[in-house]
Amino acid sequence: MALYDPVNSSLVDANPEKGTFRVHRDAYRSDEVFKQEKELIFSKCWLYLGHESELEKKGDFRSRRVGGRDLIFIKDKKGVDRAFYNTCTHRAAKICRVAKGNARTFTCPYHGWVFSSEGELKSQNASTGYVEGINDDGHLDLRPVERLEDYRGFYFVNFNPNAISLHDYLADARSAIDALCDQTEGRQIILSGDHSYTIRANYKLLCENSYDGYHLFPVHASYFDYLKDQMAGTEGEKLIEQALKSYNTAGQARALGNGHAILDSFVPTGRPVAQWLPSLGLDTKDEVEAKYASLVERYGQDRADYIANTQKNLVIFPNLVINDILSCTVRTIEPESENFIRVHAWAMGPEDESEKLRAIRLDNFVSFLGPAGFGSPDDIEMLEICQDAAGHTPLEWSEISKGFGKADDPLVAEGPPDDEIQMQAYWTMWDRVMRGIETLEEK
Amino acid sequence: MTLTRAQAEDFLFHEAELLDDWLLEEWADLYTDKSVYEVASPSCEDPVNADPDNTLFLISDRIDRIRGRAKRLLKPTAHAEFPRSKTRHMVSNVRVVSSDDGTTRTRANFAVFRTKEDTSTVYMGEMHHTIVEDGGALRILSKRCILDLNSLYNQGRLTIIL
Ligand code: FES
Ligand SMILES: [Fe+2]
């Protein structure tokens, strides 16, 4: 199979005359391409690290792997959120070996060096041997990541010191994050618990799937059967039929710049904020409708309708997925190799939500979105059969043409929910970054 | 009636056998209208006492979803289990924890071996059952599985019933 040469060839073939948009399957199956992605995508793009609500108290920390780097995300003892590489400056030992906790200092298990929550080397556990002032230049302090910035509490890192700001990078994805944050007068927080699981597939297959409206009926038929069974004999049953019939025409897929895109659709499952449908239970009607009224009061009818009634699947290039649908997930896709990924998913919800709606939100998450739910596992199966077949058959190209050509620039196109314009935006950005046409650096 | 260890063991073995034979609707019939079937997330700090109303679980099914899960998994459109996994449930170290008023609470160790295509993985842990007599038969009022895992790194996902 042809190996990818980022300078002289492209793995993305967009042909407006023919109306085709194709991606070479080496983009999913070649370890050579994956090596280049580590350099070009995962060393240049902003990558999601965590949410501010995960670090409530001074000293709270999380250890995370982001873009192939092990990091410590910590609120230091002065209350500043920081990110360090999780490695001792002495001889590399991992200094933080638990997933989360609270600490004022980290003691390296190997020779006992002690680092403060601000990253300073406090003790070398030896009084002789080192020259006086060996760390006056700070080279033995924990190494902070090159860049750490947040947008409305969502923290991202960038390993390129010259990268454009997170604000500029997010482009119109900021408005999608706004629509999530504006659901509540308080703040959105990461709820207790998480899901961590793996998929034997390329990370880009999960990105594609996360806002692929085209696959909804074939892959999730058994979920809709289940919903219909639950609603049988109620007014909800008709609502489901109606909404599913209009799925292809109501809502849209929109590219948001820089490879980010969102799918706004109307899947009839109800949203704790703030769309009451019978599937949420009769006893929640008043509360959900009150939330809706409050949205109208704060933002006006149109924006309130958008916030409350639209199911939103957002992919922030290259590997953050926020599914704000029947429940809200924040999901990172960490590639371990070209055909193996680790998914880390958290539930997000308004801090000021009632116990009842919180319970429904989590129940919705578990029912569809988790690795034991009625939705995601069927998606995962599809990704694994794509990966497997792409790796063991000689066909070279995958077709992603649906809706192609709606705009001169695929990075800002729009189309109906079952188009593939969101993927065209993603791949266009991927191609530009991989070929160095887009450097994502301050000029 | 309350159960002896041997009776509890027979009952849990029966549940395991239904699952390994993919008799899932018969399995769902072991549950009452008020039953729950739960699997805590591997990262859960206190999986025995955690409440799925405020902490994310892997599975927290009330009876509608227990029956829905059984029904769904038997369809060829439940892609995650087509072709179907082979499973082997091993149940051991059964203990009767308490037994009163016709309610028996048990703890047991489990290992479920699963083969999907050419990959075999294990889900292991402890399960807590509350068994009651209902309509003249023994039924499960609640079952909570607590996995000895830190993530689903080796297993990928959980599409079988533990
Ligand atoms: S490696 Fe950390 S103290 Fe030596
Ligand atoms: Fe899906």
**Q.** Nearest-0.5 Å distance, OG of residue B/S92 to CG of residue B/N109
**A.** 4.5 Å
Q) Do A/R331's NZ or CZ and the ring of A/W346 fall within the cation-pi criteria of under 6.0 Å and 45°? A) no
Q.
Quick check against the 3.5 Å criterion: does A/S63 have a side-chain atom that pairs as donor or acceptor with the backbone of A/V98?
A. yes
(Q) Is A/F374 close to chain B through its backbone or its side chain, or both, or neither, when contacts mean heavy atoms under 4.5 Å? (A) both
Q. Are A/K100 and A/E54 ion-paired here, with the side-chain N under 4.0 Å from a carboxylate O?
A. no
Q: Considering only heavy atoms, give the residues of residues 230-237 of chain A separated from chain B by less than 4.5 Å, sorted numerically, with 'none' for an empty result.
A: A/Q230
Q | Inter-residue atom distance B/L12.CG - B/K143.NZ, 0.5 Å rounding | A | 8.0 Å
Q | Spacing of A/Y223 atom OH and A/L216 atom CG [to the nearest 0.5 Å] | A | 10.5 Å
Q: For this output row, return yes or no: ring centroids of A/F217 and A/Y247 closer than 6.0 angstrom.
A: yes
Q: With a 4.5 Å heavy-atom cut-off (strictly below), which parts of residues 351-366 of chain A touch chain B? List them by number.
A: A/R358, A/A359, A/L362, A/D363, A/F365, A/V366
Q: Decide if the gap between the ring center of B/H89 and the ring center of B/F113 is smaller than 6.0 angstrom.
A: no
Q.
Show every ring pair (Phe, Tyr, Trp, His ring centres under 6.0 Å) that has at least one partner inside residues 131-162 of chain B, sequence neighbours left out.
A. A/F340-B/Y153
Q.
Can you tell me how far apart OG1 (B/T104) and CD1 (B/I131) are? Round to the nearest 0.5 Å.
A. 6.0 Å
Q) Given that the side chain runs from C-beta out, which part of A/S376 has a heavy atom under 4.5 Å from chain B: side chain, backbone, both or neither? A) neither
Q.
Can you tell me which of A/D378, A/D194, A/I385 forms the most heavy-atom pairs within a distance under 4.5 Å of chain B?
A. A/D378
Q.
As an exercise: rank B/T159, B/N54, B/V39 by heavy-atom pairs under 4.5 Å with chain A and give me the winner.
A. B/N54
Q) Are any of the side-chain nitrogens in A/E208 or A/K204 under 4.0 Å away from the carboxylate oxygens of its partner? A) no
Q | Interface residues of residues 56-71 of chain B facing chain A - non-hydrogen atoms under 4.5 Å apart | A | B/L56, B/F57, B/L58, B/I59, B/S60, B/R62, B/D64, B/R65, B/G68, B/R69, B/K71
Q) In terms of heavy-atom proximity below 4.5 Å to chain B, should A/V343 be classed as side chain, backbone, both, or neither? A) neither
(Q) Under a 4.0 Å threshold between the charged nitrogen and the carboxylate oxygen, would A/R200 count as salt-bridged to A/E381? (A) no
Q | Inter-residue atom distance B/R105.CZ - B/T130.OG1, 0.5 Å rounding | A | 6.0 Å
Q | B/E81 and its salt bridge (charged side-chain N to carboxylate O under 4.0 Å, His left out) partner, picked from B/R72, B/K75, B/R114 | A | B/R114
Q: Give a yes or no on whether a salt bridge exists between A/E338 and A/R29, defined as a side-chain N under 4.0 angstrom from a carboxylate O.
A: no
